[in-house]
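Because the structure is predicted, anything quoted here is derived from the model rather than measured.
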Amino acid sequence: MTVGLGNYSFNYGYSSAVSNNHMSRNDMISAIKSGNTEGISNAQIRSLKRAGAVECSTCASRKYKDGSDENVSFKAASHVSPEASSAAVRAHEQEHVNNAYDKAQKGNGKVLQASVSIKTAICPECGRSYTAGGTTATSIKYDESNPYMKNKKGADYEAMVGKNIDYAV
């Protein structure tokens with residue numbers, strides 16, 4: 001549809017990277033999958049990868065692995081698709097939060113704070129956004145009404161006072 005406005009005209013309607021080529025979209029997909037990209041621009045290839053019509057090798061080889069010492073998922077590196085990465089990472093970080101509540105309950109403590117930060121990124125090959133990972137921070141306060149725990153903290157403090165002094169200053 002072309003709309004005239006004074007001396008200017010604007011074209012409105014569907015436009016894609018595929019429309020500039022004489023090949024159909026399906027022909028381009030078949031050609032890219034077979035490794036023949038002759039006559040297909042990089043923008044068209046990227047557009048088809050972003051749409052999921054052609055597999056992105058970077059996204060296909062991306063793996064997630066947990067680096068903590070807790071018993072949670074992703075201890076072994078696992079592949080997660082960009083579409084499912086957000087849900088998988090959020091569920092994984094929730095496991096860390098649940099572990100903090102379990103630890104606090106077993107030690108007669110209380111979770112004061114639990115926060116999760118999720119990191120996103122853009123794939124350099126196809127341009128799709130994906131969830132790159134996450135971090136969980138928790139703070140637990142334990143019940144100190146037990147006099148033995150108070151004495152233990154005091155003894156630990158007295159044993160450590162003055163141990164880390166830099167005499168070179």
Side-chain angles (χ1 to χ4, degrees), residues 12 14-18 25 29 32-33 37 41-169:
Y12 293 101
Y14 179 74
S15 169
S16 71
V18 177
R25 183 176 193 265
I29 293 169
I32 293 168
K33 286 182 179 180
T37 58
S41 73
N42 287 339
Q44 291 169 324
I45 294 170
R46 188 173 176 155
S47 174
L48 290 169
K49 286 181 179 181
R50 183 178 293 146
V54 177
E55 183 180 68
C56 168
S57 60
T58 303
C59 290
S61 64
R62 184 176 301 115
K63 296 192 183 243
Y64 292 81
K65 186 172 181 357
D66 179 68
S68 72
D69 59 354
E70 292 185 22
N71 186 21
V72 291
S73 60
F74 294 114
K75 281 306 187 186
S78 303
H79 170 71
V80 178
S81 71
E83 297 83 13
S85 64
S86 178
V89 169
R90 283 186 283 124
H92 171 80
E93 296 304 326
Q94 185 61 44
E95 289 179 59
H96 287 293
V97 172
N98 292 343
N99 284 348
Y101 277 94
D102 290 343
K103 184 178 176 183
Q105 184 179 16
K106 287 177 186 172
N108 199 20
K110 179 181 178 184
V111 175
L112 299 177
Q113 175 266 343
S115 65
V116 174
S117 95
I118 303 293
K119 297 168 187 77
T120 60
I122 303 292
C123 177
E125 184 179 343
C126 67
R128 276 192 281 187
S129 66
Y130 64 96
T131 302
T135 306
T136 301
T138 58
S139 177
I140 301 172
K141 180 179 180 184
Y142 292 99
D143 182 18
E144 295 180 6
S145 62
N146 182 346
Y148 297 108
M149 289 305 287
K150 284 184 183 178
N151 288 340
K152 185 176 185 312
K153 280 181 122 178
D156 288 346
Y157 175 75
E158 290 171 9
M160 296 302 293
V161 169
K163 297 286 184 185
N164 297 320
I165 298 175
D166 187 1
Y167 292 105
V169 176

*How long is the span from the CD atom in E93 to the OG1 atom in T131, to the nearest 0.5 Å?*
11.0 Å
*What distance do I45 atom CD1 and I29 atom CD1 have between them, rounded to the nearest 0.5 Å?*
12.0 Å
*Sub-3.5 Å donor-acceptor pair from the side chain of K65 to the main-chain atoms of K75, do we have one?*
yes
*Please assess R90 against S86 for the test side-chain hydrogen bond (donor to acceptor under 3.5 Å, both in side chains), listing each intermediate value before the final yes or no.*
CA-CA 6 Å; R90 283 186 283 124; S86 178; 3.2 Å; yes
*For the atom pair CG (D66) and CG (N71), what is the distance rounded to the nearest 0.5 Å?*
10.0 Å
*Applying side chain to side chain contact (heavy atoms under 4.5 Å, CB included) between V54 and each of K49, Q44, R46, report the one that passes.*
K49
*Check V97 against A114 and note the closest heavy-atom contact, atom names and distance.*
CG1-CB, 4.2 Å
*Using side-chain hydrogen bond (donor to acceptor under 3.5 Å, both in side chains) as the criterion, list what pairs up with K106, not counting sequence neighbours.*
none
*For residues V111 and A104, report the shortest heavy-atom separation together with the two atoms involved.*
CG2-CB, 3.8 Å
_Quick check on Q105: does its CD atom have over 12 non-hydrogen neighbours (other residues, nucleotides or ligands) under 6.0 Å away?_
no
*Does the S78 side chain pair with the main chain of F74, one donor and one acceptor, at a distance under 3.5 Å?*
no
*K119 side chain reached by T135 side chain, heavy atoms, under 4.5 Å*: yes
_Whether the side chain of E70 engages the backbone of N99 through a donor-acceptor N/O pair (distance < 3.5 Å, no angle test) should be reported._
no
_Side chains of L48 and R25, heavy atoms from C-beta outward: is any pair under 4.5 Å?_
yes
*Report the C-alpha separation of E55 and K33 in whole Å, then their side-chain angles, then the decisive distance to 0.1 Å, and conclude whether the side-chain contact (heavy atoms from CB on, under 4.5 Å) test is met.*
CA-CA 8 Å; E55 183 180 68; K33 286 182 179 180; over 6 Å; no
*Gap separating the CG atom of D102 from the CD atom of E95, nearest 0.5 angstrom*: 11.5 Å
_Sub-4.5 Å side-chain heavy-atom contact between T138 and H96_ = no
*Looking at OG1 of T136 and NE2 of H92, how far apart are the two atoms once the value is rounded to the nearest 0.5 Å?*
7.0 Å
*What closest approach, in Å, do V89 and G134 show between heavy atoms, and which atom pair accounts for it?*
CG1-N, 3.9 Å
*Provide the closest heavy-atom pair for S85 versus Y64 in the form atom of the first, atom of the second, distance.*
CB-OH, 3.3 Å
_For a 4.5 angstrom cut-off between non-hydrogen side-chain atoms, does P82 reach C123?_
no
*asked:* If I compare all heavy atoms of H79 with all of R62, which pair ends up nearest, and what's the gap?
replied: ND1-O, 3.0 Å
_What's the separation between atom NZ in K110 and atom OG in S139, rounded to the nearest 0.5 Å?_
11.0 Å
